[in-house]
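Scroll down for the structure; my scribbles are underneath it.
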Amino acid sequence: MPKSNDSILRRHPLPFVFLTVVICLMPILTQRDFTPMNELRYLSIADETIENDHIFILTNHGEPYADKPPLYIWLIILLKKLAGGHSIFLLSMLGLIPAFITVAVLDKWIFVDDKKNALDRAAMALMLCSSGLFLTLSFYFRMDMMMTMFIVLALYSFHLMYSGRGNFKLQSWLLPLWIFLAIFTKGPVGLLMPVLVILVFLLMEKEAKELGKYLGIKTLGVIASLCALWFLGVIAEHGGKEYLYDLTVHQTFGRAVNSFHHNEPIYYYLKNIWLTIFPYSILIFPVLSAGLPSPRKMKTGEKSDDEKIFLISFWGTFLMLCIISSKHILYLMPLVPFAIYGFYLIVKRMGWRKWMNILLSITAGLTCLTAVALIIVFRTDSIPALHKILSGYPFLQSNFTTVALVMMLIGGAMSLIILFWKRQWQKSIIWLALGWLLAVYSASFQMNQINDIIGYGNFCKAIPENTNVAAINVRRPENIDVYIHREIAKDYAKDTTAFKNDLANGTLQKPVTLIVSDKMLRKGFLGWCEQNGSMIDCHGPYALVFFGNEQNEAPPASENPS
């Protein structure tokens, strides 16, 4: 680590980490397009909520949307009113600010008696901020990061109450508030995880009789009262029994058993959990496993209360989520902070072992090998089949991507050098994390090209005004109303015959702009489109075809905001 950076890092470890992350994410924070799967849908729901003058009842294109509580949508609405439109930078703050608060709370929690240990603090903060799921949800706006923040705050309040380090009376009010806000952000996991961790911890400590101090009438009463106010708001807006049922019973028990959404087998997370803390999985999971009860002969010291809380938060919640029917890798987000800082607590107790050295060196070595392999793959045209695949992603063969991979390589190489030369695992992790963050920074200078793949903003700018819009083989096209400020006429899924018939008999009135996937065009639809319409734009995997007057000359495109 250069001395100048090391000096800044030692004096201000968290500001150093936060500033590094902001700089490395800045191209993404300012230039990224909204993704159609969730982000565009949330924006569309927010616009509809404003239009309907509702607060508690959410709808998506007229259909009740009780999948999520309203808090996050309220924040989207607030940011739109402040900015005068949907700003990707401001909306990204709904992930980045909770991420930084989460890191700050964990740092205060774990290093309360060791504030001068700046190297460890920076290593853990950088490790968390550069881990796969945490980094992604720092800029991709979903409710998961905010719920994670509230869960961490809830368990921190419990820690302060249990350890006697905090104002018990104040924390006894904050604990239920944090739990309710976690529920109000995402749903049942916001309640289940804190309650599970507190209950299991007290049972392990043989203090079950103390449960009422933390999860007694006061705590449950505050949560129930706040939920009652929420439900009364729904009733006041004439949400009806069906909306309330969907919001509560359906979203809780319907997802828990034989889920209607993301129904996956019990082993689903065993296959996917390694992605959550990538690239550190090879190091962290064995250490977290070593933190579980071990043979008596193994002298590893007594676990602290904090370590027990963190291990229960990770392993206990992991088992709970495996049992729940509805599964998605993003649902593992609340486990990630406890995995990273739980790893540190175990290392602090056990000491840094040789086998940990081997695991970290494997992680750094694989980073180097991956970077070299991808440079060779992306910069060669010798394999025709591979070249055909890469041609659909031209940014992968650009100089920016090469620089990004070189950053990965340097970070991995420096990590290995520091680990074996100076034998400082903290600095080794810092270099590895910086390599990954700088790789993200370098690659993200191509956001305009990447946006063609991840979003709809670029081609929406080319959609002419005053035309009906139809879609074929486009994922969730209804939410492009965020861009074009009008509903699409019809989503035809993959039915090209129905589109042809509706266009011929006038059911779909011309002029029409058709959004169609490149995949459908290659299946034989291209010739008919060229014969009956005119191609007006092509971005990434989608094309725009105009059907209008005899000359098929499309009017000028509207200047839709991105």
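A quick note: this is a predicted structure, and the numbers were derived from the prediction, not measured.
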Testing the 3.5 Å rule here: is there a donor-acceptor pair between the side chains of [X] and [Y]?
X: Glu487; Y: His61; result: yes
X: Asn451; Y: Asn458; result: no
X: Arg41; Y: Asn38; result: yes

| To the nearest 0.5 Å, what is the distance between CG (Leu126) and CG (Leu434)? |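 So the CG of Leu126 and the CG of Leu434 are separated by 5.5 Å.
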
| Distance (rounded to the nearest 0.5 Å) between Ile472 CD1 and Cys529 SG |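 The CD1 atom of Ile472 sits 7.0 Å away from the SG atom of Cys529.
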
Determine whether the aromatic ring centres of residues [Y] and [X] are separated by less than 6.0 angstrom.
X: Tyr456; Y: Phe459; value: yes
X: Trp274; Y: Tyr280; value: no
X: Phe310; Y: Trp315; value: no
X: Phe499; Y: Phe547; value: yes
X: Tyr441; Y: Trp436; value: no

| Is the count of non-hydrogen atoms from other residues, nucleotides or ligands lying under 6.0 Å from Phe395 atom CZ greater than 12? |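 Enclosed: over 12 neighbouring heavy atoms sit under 6.0 Å from CZ of Phe395.
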
| Taking Phe184 as the fixed residue, which of Trp74, Tyr72, Phe56 is the one that meets the ring pair (Phe, Tyr, Trp, His ring centres under 6.0 Å) rule? |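 Single ring pair (Phe, Tyr, Trp, His ring centres under 6.0 Å) partner of Phe184 among Trp74, Tyr72, Phe56: Trp74.
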
| query | Are Met143 and Tyr42 side-chain neighbours, meaning at least one heavy-atom pair lies under 4.5 Å? | reply |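 SC-SC contact between Met143 and Tyr42 confirmed.
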
| task | For Leu29 and Ile88, run side chain to side chain contact (heavy atoms under 4.5 Å, CB included): C-alpha distance rounded to whole Å, both residues' side-chain angles, the deciding distance at 0.1 Å, then the answer. | result | CA-CA 7 Å; Leu29 297 175; Ile88 185 63; over 6 Å; no

| said: Does this structure show an ion pair linking Lys461 with Asp537, if we count only N-O contacts that are shorter than 4.0 Å? | reply: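 No.
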
| query | Can we say Arg486 and Asp481 salt-bridge, meaning some charged N sits less than 4.0 Å from an Asp/Glu carboxylate O? | reply |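 Result for this pair is no, no salt bridge flagged.
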
| task | Might you point out which heavy atoms bring Pro69 and Ile183 nearest each other, and give the distance in Å? | result |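 Residues Pro69 and Ile183, closest heavy atoms: CG-O, 3.1 Å.
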
